[in-house]
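Heads up: the structure comes next, in structure tokens.
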Amino acid sequence: MCGPSAERSGHSALGVLPSFGFLFDIDGVLVRGRTPIPAARTAFQKLVNSQGQFLVPVVFVTNAGNCLRQKKADQLSHLLGVPSPSAVELPKIEAVVLFGEPVRWETSLQLIIDVLLTSGYPGNPYEQENYPHIPVLACNMDLMWVAEAQSPRFGHGTFMVCLENIYKKITGRDLKYEALMGKPSRLTYQYAEYLIRAQALQRSWEQPIQTLYAVGDNLMTDVYGANLYNRYLQESSSAGSRSRLQAKVSAGRGPAALSQDHELGLSWENELAAAAAAHCRSVLVCTGVYTPHTEVALDTKDSIPDTVFHGHRDFRFDPALVEPDHIVPDVDAAVDLVFQLENFAPN
């Protein structure tokens with residue numbers, strides 16, 4: 001995940017300061033493999049000024065971890081013509097971090113199982129009583145994604161399904177994750193919001209960023225994640241109101257104290273970035289994993305059929321979270337829609 005670098009600019013660059021930002025998925029929204037989606041170039045021409053600076057805060061949020069962030073940024077800059085983001089005896093293996101699906105699945109599955117069943121010493125024999133296993137962290141839960149092929153390809157989420165089932169078959173126990181990151185996890189969107197606010201601050205845009213528009217092609221990651229984060233924003237707003245009330249009571253209007261768990265929660269939130277946006281809206285495009293059988297419907301409830309849950313095992317399926325706020329043909333239409341909703345007309 002990365003945000004474009006932006007030179008400090010005065011207010012004269014925009015007639016109206018933006019109060020919103022974009023969180024763009026990449027595969028299936030901006031590109032298919034190495035080929036740009038035609039609408040993406042048109043969309044980004046609307047998002048940059050004559051100096052190549054973004055007119056609104058923009059962050060690219062992708063689960064793809066198959067290359068370095070700067071390399072991905074340079075690829076986008078080249079393809080879309082947009083600003084590039086700034087951007088012996090073996091010791092014991094302490095943890096397994098899963099970034100993206102490998103080229104040779106069978107080899108990687110074997111090695112990971114070896115590490116888990118030997119407590120980090122893959123040269124040793126298996127120890128079946130080794131449970132819980134060493135920490136496993138996964139950074140991408142996409143079951144499928146799109147490239148040049150006409151049909152979706154297996155994603156890292158499919159690799160995780162294989163790993164989980166092999167581990168269960170061998171040990172009879174569930175594979176446990178220390179953390180699940182990447183879309184649709186809340187942490188990913190919280191960090192994306194932090195980057196959006198930092199970008200606006202760097203450009204000296206004093207208008208608070210109130211709304212995030214997450215544009216993606218996958219119901220189970222992009223839409224689910226954006227709606228989950230929107231729910232979190234609403235709950236945080238309510239919790240913030242209660243906290244302020246409790247603070248007033250503690251100041252002398254009666255006995256009240258925050259619980260230790262709540263205080264620890266606030267400490268963790270402050271370590272990253274406290275939520276400030278009011279809403280996170282999901283915008284689904286039809287150029288990637290999601291392809292409607294008919295024309296884009298005006299009522300999103302009529303256009304999203306009942307479907308098998310493609311999200312991760314450890315995420316509870318909530319039908320409300322896979323209902324996009326908007327469905328549009330492509331990313332160009334998404335930019336037009338957001339500009340219309342925000343009454344934003346860049347000079």
Side-chain angles (χ1 to χ4, degrees), residues 3-4 6-25 29-30 37-61 80-83 189-190 192-217 222-223 225-227 229-234 236-237 275-287 295-301 303 323-347:
E7 298 179 0
R8 184 172 295 274
S9 174
H11 294 173
S12 59
L14 288 176
V16 179
L17 296 180
S19 62
F20 62 98
F22 282 102
L23 311 180
F24 284 113
D25 184 26
V29 176
L30 305 180
I37 292 175
R41 285 186 177 273
T42 306
F44 275 82
Q45 288 173 357
K46 300 172 181 177
L47 291 173
V48 297
N49 60 20
S50 57
Q51 287 77 44
Q53 298 173 319
F54 277 103
L55 298 171
V56 300
V58 173
V59 167
F60 302 106
V61 186
L80 302 176
V82 299
Y189 289 86
Q190 195 166 3
E193 182 190 351
Y194 164 77
L195 292 178
I196 286 283
R197 295 208 310 267
Q199 191 179 142
L201 179 64
Q202 189 176 17
R203 295 290 298 277
S204 298
W205 293 338
E206 298 177 359
Q207 180 83 354
I209 301 300
Q210 296 291 330
T211 308
L212 304 173
Y213 291 92
V215 184
D217 69 310
D222 300 310
V223 172
N227 291 343
Y229 191 61
N230 186 65
R231 180 178 291 179
Y232 162 71
L233 292 175
Q234 309 310 306
S236 295
S237 177
H279 306 284
C280 183
R281 303 303 187 197
S282 54
V283 183
L284 181 67
V285 300
C286 306
T287 52
E295 294 183 1
V296 178
L298 296 178
D299 186 350
T300 59
K301 294 182 180 179
S303 62
E323 291 285 349
D325 292 309
H326 306 281
I327 302 179
V328 294
D330 52 44
V331 66
D332 185 36
V335 171
D336 286 341
L337 171 68
V338 173
F339 279 7
Q340 179 182 0
L341 291 173
E342 295 289 336
N343 294 318
F344 185 76
N347 294 333

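Counting from 1, the numbers follow the sequence of the chain as shown.
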Can you name the side chain to side chain donor-acceptor pair (under 3.5 Å) partners of Glu342, sequence neighbours left out? Tyr213
Output the distance between atom [atom1] ([X]) and atom [atom2] ([Y]), rounded to the nearest 0.5 Å.
X      : Y      : atom1 : atom2 : answer
Tyr229 : Ser282 : OH    : OG    : 14.5 Å
Asp217 : Cys286 : CG    : SG    : 9.5 Å
Phe20  : Leu212 : CZ    : CG    : 11.0 Å
Ile327 : Leu337 : CD1   : CG    : 11.5 Å
Glu323 : Leu284 : CD    : CG    : 10.5 Å
Ile196 : Ile209 : CD1   : CD1   : 7.0 Å

Please determine, by modelled atom types, if Asp330 and Thr287 share a side-chain donor-acceptor pair under 3.5 angstrom. no
Find out whether [X] and [Y] are in side-chain contact, i.e. whether some heavy atom of one side chain is under 4.5 Å from a heavy atom of the other.
X      : Y      : result
Tyr232 : Tyr189 : no
Arg281 : Leu341 : no
Val29  : Ile37  : no
Val331 : Val283 : no
Leu30  : Phe60  : yes
Pro18  : Leu55  : no

Stepwise side-chain contact (heavy atoms from CB on, under 4.5 Å) test for Leu23 and Asp222: CA-CA 10 Å; Leu23 311 180; Asp222 300 310; over 6 Å; no
Non-hydrogen atoms of [X] and [Y] that approach each other most closely:
X      : Y      : result
His279 : Asn230 : CA-OD1, 3.3 Å
Glu206 : Leu17  : N-CD1, 4.2 Å
Ala334 : Val215 : CB-CG1, 4.0 Å

Residues two or more places apart in sequence or in another chain: which of them pass salt bridge (Lys or Arg N to Asp or Glu O under 4.0 Å) with Asp332?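 Lys46.
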Check side-chain contact (heavy atoms from CB on, under 4.5 Å) between Leu47 and all other residues, then give those that pass, not counting sequence neighbours. Phe22, Phe24, Phe44, Phe54, Val56, Val335, Phe339
